[in-house]
Structures are given as C-alpha cells and as structure tokens.
Q: 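First, the structure itself, so that you have it in front of you.
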Amino acid sequence: MPGTLLVKNATVLVTMDGRRREIRGGGLFAEGPRIVVVGPTAELPSTADEVLDLSGHIVIPGLVNTHHHMFQSLTRVVPAAQDVELFGWLEKLYPIWSRLTPEMLRVSALVAMAELMLSGCTTSSDHLYLFPNGGRLDDTIESAERIGLRFHATRGSMSVGRSKGGLPPDSLVEREADIIKDTQRVIEAYHDARRFAMQRIAVAPCSPFSVSRDLMRESAALARAFGVSLHTHLAENTNDVDYSREKFGMTPAEYAEDTGWLGRDVWHAHCVQLDDAGIDRFARTGTGVAHCPCSNMRLASGIAPVCKMHAKGVTVGLGVDGSASNDSSHLLAEARQAMLLQRVGHGPGAMSARTALELATLGGAQVLNRDDIGALAPGMAVDFAAFDLGGVGFAGTGHDPVAALVFCAPATVAYSAINGRIVVRDGHVTTLDLPMIVERHNRLAYELLAGA
C-alpha cells in the first residue's frame, strides 16, 4: 500500500474543488489513497515517504473516461470501415470481432489503458458487449488490476441478431437468460461499492438495435437490485433515431423512459441526436451523458447538443469511445476536441478550455456516480496527472498554462498517480513492460485482420 506522498512546487495545481482554485506553486500531501492537504507548497508538510518536486509542471485531477470499447484497439483504421457511418461501420467490423479471443481482450485492454494513462486518465469505464470464443469480462478486469487503472467494467450484451431485426450477426448474440446470469455473476464477484474502489461493475446492454425491450427492463431491474449503474448507447445518429421510431414507435429518450433507463444511476453514450424533449427528460431525472466528440466526427454522426445539455443541467462527461472509431485513447485530446466542436456549431464562446477540462474531470466523476474522484481536495482520492510545461508545445503559454493544456497540442503525461500509487514516471508507465505489450498487440491485430 502507498505510504505518504508529497507533491510540491507545481507551476499551477488545478483543484476542481468547490471554488475551482488554481494554485500557483501548489501541491498536495496524501496518506495512502487519500488526499490530506492541498495548497501552496509553503503550507504543506515538508517531508513524506515519496516527494515529487513538480516545478515546471501543471498538475490536474486525473481525467475520467466515461465510454470506451477497449477491444477495438486491435481494429484501428480498418480500410473497409474508414469512410462509413455507424451502421455500415458496424457491419464491416462485426465479422472481424467475431474472431476475438480471451488473450486479445486482455492485451487490447492493456494497450488502451496504457494509452489512456499516458494522456492523463486515471479512471475509465469500458463497454465490452461481445464475448466470442470464450472471452469474458474477467479478461479486461484482469488487465486493469495488472496495470493499476481505476476501472468501471460494464457487462455489455447483444441479444437481437439480424434474423430478428437487429443489426449484429446472429453468431455474436447471446441468450438473454445467459446474459442476466453472467451479469449477476460479475457483479457479485467484482463490484466494490466502497470509497476509493478500484473496481466497479455496471450493467450495459449494447444498444436499442441489438437488444430487446425485455432485456433492457430486466437489466435495469438487476442493476437496481444490486445498487450498480446502467450504461448503453443512445441516439448516436439519425439512423439510430429512425430505428427507435420504426421498431418502438418512440424517440430514443421516450424508449429509455419506457424501459426504466432514466435516473442518476444511468448514463448514455453519445446522445448526438437527443431532441429538446429528451434533454428535458435527462435533466429532470439526473441522467448522465458520455460525450464522444472524436468518434461522432469520425462517423459523421453530428454535433451533440452539449451546450444545450449544460444549460439545462444535464450531467456530461467525456469518452474516447472505441479505438476503431476515434482512433485514439487520448482523453486530453478528447477534451480539446469537445471544446472545438462546440465552437464550430455554436460560436467561439460556446465552450471554454476550463469547461472542457471540467467535463473531463468532475463531469466524468459525476457521470460515473463517484464523489471521491475528479477533484484535488482533502478527502478525495490521490488521482492526479502532471504535464511538463517545458516542451516546445507549451512555449509561450506561461500566462495561462491551464488554458494551454486544452488549446495546445495534446500532451503526454509526465507523472501520474492512481489511488496514491505512481503509475507514470518521466512519461513511462511503471506497472508493465509497455513495448513488449505493444509488440504482442501488433501480432494479435495482424492475426485478427488476416483471418477475417
């Protein structure tokens, strides 16, 4: 277990606390996984078991990723899927994903997690919704434990194949009784509701076009019986909306309400085409949104109405989405893109750099129903990321390094801690041999594509 940790002399420490303090020459003192003191370095204890002098660095709360499909790091830039919208993209990739193995799930998760951590991310969810060839959610959980990432594993599922009017091939869907049984198993085996938990489970049927109305309702009932959160895709593009209207006679938000998928324990990915009435439903019920701007742009799904959501009080966090539709797991880049995309749609004042950073920290924590991450303050988890301001990418930004972190080219983290443990030091992941993992990942990606 980590002992005491002193972080001192940061050029600026961004707290995201109740007063949104930005402390010049700041630092923090922590005991184990818990922050004890945050403030100017002169007001902190002078010694600790480990001391990090972060002069010349900006320190921020660890970024929180609210939506991902980590297995997709094996299928980046697949040629046939480079220039198509969501449904066509899925149809090109489903046959490839049907060849995934448990090792591929483990290794792809390690690569995605390492990439996230090097971008400043300390907590991530992952939506794994297909389990061919013996794969299980346990495979990605094992990877999170190995690398040291704070992890919200969501047990996804698909039950309506093409023969029943769904989008996925029948070979990739599961029996609904088996889905419910295995979802309960992983909740009982892995979910940790305690403060500073490193592992939590959520219930996550994939989408309205790949599961039944009954499974949506049963999943909601199961999640609430065990006190865990619910996650799915919703209103990602116009075809998604058309499917809901044709199959259910409802808008996506109406369908979510009808199946019990609104509430503070629910977050939906994308919501690009969420209408005004849907935004009002989300605001009224405290339902969260994982905004994935890079994926939405890559698949030409549209510009999510994040400004309108914010104005109505909807909780919004950021997600990198799968690496086959981004094709990156760089969460700081996602914050930058979120800011720029809202400006394209709504003008230069639509989103500030600090608002984008808040979405990536506090917003994500709130979406995941966490009150122990997303800010640097006494009593919060020791999750932080530090970026070196001395590089060429930050030259000339000393007057506002906080804004520079979002406006300038996305940087690689110099130091990062998760739950008080240093997991990135001098720009290198400390918890595994990353070059070896990348080499194995590349071989597996070749095997996957060559056999499809």
Q: Would you mind listing every salt bridge (charged side-chain N to carboxylate O under 4.0 Å, His left out) that reaches into residues 347-357, with sequence neighbours excluded?
A: Glu22-Arg354, Arg354-Asp400
Q: Answer yes or no on whether Arg106 is positioned over the face of Phe71, meaning its NZ or CZ is under 6.0 Å from the six-membered ring centre and within 45° of the axis.
A: no
Q: Ignoring hydrogens and angles, state whether a donor on the side chain of Trp97 or Thr75 is under 3.5 Å from an acceptor on the partner side chain.
A: yes
Q: Assess whether a salt bridge exists between Asp192 and Arg200, defined as any Lys/Arg side-chain N lying under 4.0 Å from an Asp/Glu carboxylate O.
A: no
Q: Decide whether Glu174 and Ser157 meet the rule of one side-chain donor and one side-chain acceptor closer than 3.5 Å.
A: no
Q: Would you say Val382 and Asn419 make side-chain contact, with heavy atoms under 4.5 Å?
A: no
Q: Does the side chain of Leu340 reach to within under 4.5 Å of the side chain of Val344, using non-hydrogen atoms?
A: no
Q: His67 and His231: side-chain donor and acceptor closer than 3.5 Å?
A: yes
Q: Identify which one of Leu376, Ile373, Thr123, Leu362 satisfies the side-chain contact (heavy atoms from CB on, under 4.5 Å) criterion when paired with Pro61.
A: Leu376
Q: What are the two closest non-hydrogen atoms of His346 and Ala350, and how far apart are they?
A: CB-CB, 3.7 Å
Q: Go through the steps for Phe87 and Phe209 under the test ring pair (Phe, Tyr, Trp, His ring centres under 6.0 Å), then give the verdict.
A: CA-CA 10 Å; Phe87 282 20; Phe209 52 82; 4.8 Å; yes
Q: Where is the tightest heavy-atom contact between Arg298 and Ser325, given as atom of each residue plus distance?
A: CB-O, 3.5 Å
Q: Should the heavy atoms of other residues, nucleotides or ligands under 6.0 Å from CZ of Arg185 be counted, would the total exceed 12?
A: yes
Q: So, Asn296 versus His270: side-chain donor-acceptor pair below 3.5 Å or not?
A: yes
Q: Identify whether the distance between the nearest side-chain nitrogen and carboxylate oxygen of Lys312 and Asp276 falls below 4.0 Å.
A: no
Q: Please report the shortest heavy-atom distance between Asp265 and Asn369, naming the atom on each side.
A: CA-ND2, 3.4 Å
Q: Between the side chains of Ser329 and His68, is a donor N or O closer than 3.5 angstrom to an acceptor N or O?
A: yes
Q: Minimum heavy-atom separation for Leu318 to Ala360, with atom names?
A: CD1-CB, 3.8 Å
Q: For residues Met380 and Phe196, report the shortest heavy-atom separation together with the two atoms involved.
A: C-CE2, 3.7 Å
Q: Any side-chain to backbone donor/acceptor pair from Gln82 onto Val77? Under 3.5 Å, distance only.
A: yes
Q: Under 3.5 Å, is there a donor-acceptor pair linking the side chains of Ser295 and Asp321?
A: yes
Q: When you check the side-chain N and O atoms of Asn326 and Gln72, is any donor under 3.5 Å from an acceptor?
A: no
Q: Is the shortest distance from a Lys or Arg side-chain nitrogen in Arg284 or Glu257 to a carboxylate oxygen in the other one below 4.0 Å?
A: yes
Q: Can you see which heavy atom on Arg146 is nearest to which on Leu110, and at what distance?
A: NH1-CD1, 3.6 Å
Q: Could you tell me whether Lys164 and Asp170 have a side-chain N and a carboxylate O separated by less than 4.0 Å?
A: no
Q: What pairs of residues pass the salt bridge (charged side-chain N to carboxylate O under 4.0 Å, His left out) test when at least one of them lies in residues 71-87, not counting sequence neighbours?
A: Arg76-Glu115
Q: In terms of side-chain geometry, is the basic nitrogen of Asp182 or Arg136 positioned less than 4.0 Å from the acidic oxygen of its partner?
A: no
Q: Going by distance alone, is a donor N or O of one side chain under 3.5 Å from an acceptor N or O of the other, for Ser352 and Thr355?
A: yes
Q: Salt bridge check, Glu447 against Arg99: does any charged N sit closer than 4.0 Å to a carboxylate O?
A: no
